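Comments concern the structure below.
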Amino acid sequence: MVKQRTQMINTIRGLLAEFGIDIPKGLERALPVARQIVDGKSPDLPIEAAKIAGTLSQQALDTHARLREIDRGLLVCLRGNDVARRLMTIPGIGPVGATAFRRRRLDSFS
């Protein structure tokens with residue numbers, strides 16, 4: 001889903017670039033632009049391009065919201081696991097990595 005969100009943001013970025021509109025790199029800069037487009041405050045675009053940008057923006061925002069829900073659920077699940085909490089202190093290891101490693105480790109002892 002992270003890849004899908006990135007692909008949608010890059011598609012929006014590419015579409016808007018065709019009309020001379022630049023979205024700076026970074027998710028934290030692109031999502032507010034997507035929100036503006038969904039709210040009808042899109043840049044000056046032809047009608048069909050605005051519809052496509054709106055659809056892609058809504059999909060990107062929905063995917064982002066789902067990813068946040070998944071991350072929150074993983075954090076709740078991992079709070080009670082000491083091994084997972086320690087794993088998440090390693091740079092680059094987040095809830096998904098800690099969950100995968102924790103599960104693999106537990107499975108290997110079965």
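All figures in this text were calculated on a predicted structure; none of them were measured in a lab.
- If you take CG on L78 and CE on M88, they are separated by 5.0 Å, rounding to the nearest 0.5 Å.
- Between the CD1 atom in I12 and the CD1 atom in I21 there is a gap of 12.0 Å [rounded to 0.5 Å].
- Here the side chain of R13 pairs a donor or acceptor atom with the backbone of I23 at under 3.5 angstrom.
- The line from CD1 of I37 to CG of L16 is 5.0 Å long, rounded to the nearest 0.5 Å.
- By the 6.0 Å contact criterion, CG on D44 is open, its count of non-hydrogen atoms from other residues, nucleotides or ligands being 12 or less.
- Partners of D82 by side chain to side chain donor-acceptor pair (under 3.5 Å), not counting sequence neighbours, listed by chain and number: R85, R86.
- Among all heavy-atom pairs drawn from G54 and V38, the shortest one is O-CG2, 4.0 Å.
- Note that the CZ atom of R5 and the CD1 atom of I9 stand 8.0 Å from one another [nearest 0.5 Å].
- Here the NE2 atom belonging to H64 is positioned 11.0 Å from the OG1 atom belonging to T6, to the nearest 0.5 angstrom.
- In summary, K51 and E48 engage in a salt bridge, as defined by a charged side-chain N under 4.0 Å from a carboxylate O.
- The shortest side-chain heavy-atom distance between R72 and V76 does not fall under the 4.5 Å cut-off.
- I93 and A98 get closest at one heavy-atom pair: CG2-N, 3.8 Å.
- The CG atom of L56 sits 10.5 Å away from atom OG1 of T63, with the distance rounded to the nearest 0.5 Å.
- Within 6.0 Å of CD on E28 lie more than 12 heavy atoms contributed by other residues, nucleotides or ligands.
- Residues A34 and S57 share a closest heavy-atom pair of O-CB, 3.5 Å.
- In terms of hydrophobic clustering, with Ile, Leu, Val, Met, Phe, Trp and Tyr side chains grouped at heavy-atom distances under 4.5 Å, V2 and I70 are assigned to a common cluster.
- Residues L67 and L27 do not share a hydrophobic cluster, clusters being chains of Ile/Leu/Val/Met/Phe/Trp/Tyr side chains in contact below 4.5 Å.
- Closest of all the heavy-atom pairs between A53 and L45 is CB-CD1, 4.3 Å.
- With sequence neighbours left out, the salt bridge (Lys or Arg N to Asp or Glu O under 4.0 Å) criterion links K25 to no other residue.
- Annotation: side-chain contact (heavy atoms from CB on, under 4.5 Å) contacts of Q4 (sequence neighbours excluded): M1, M8.
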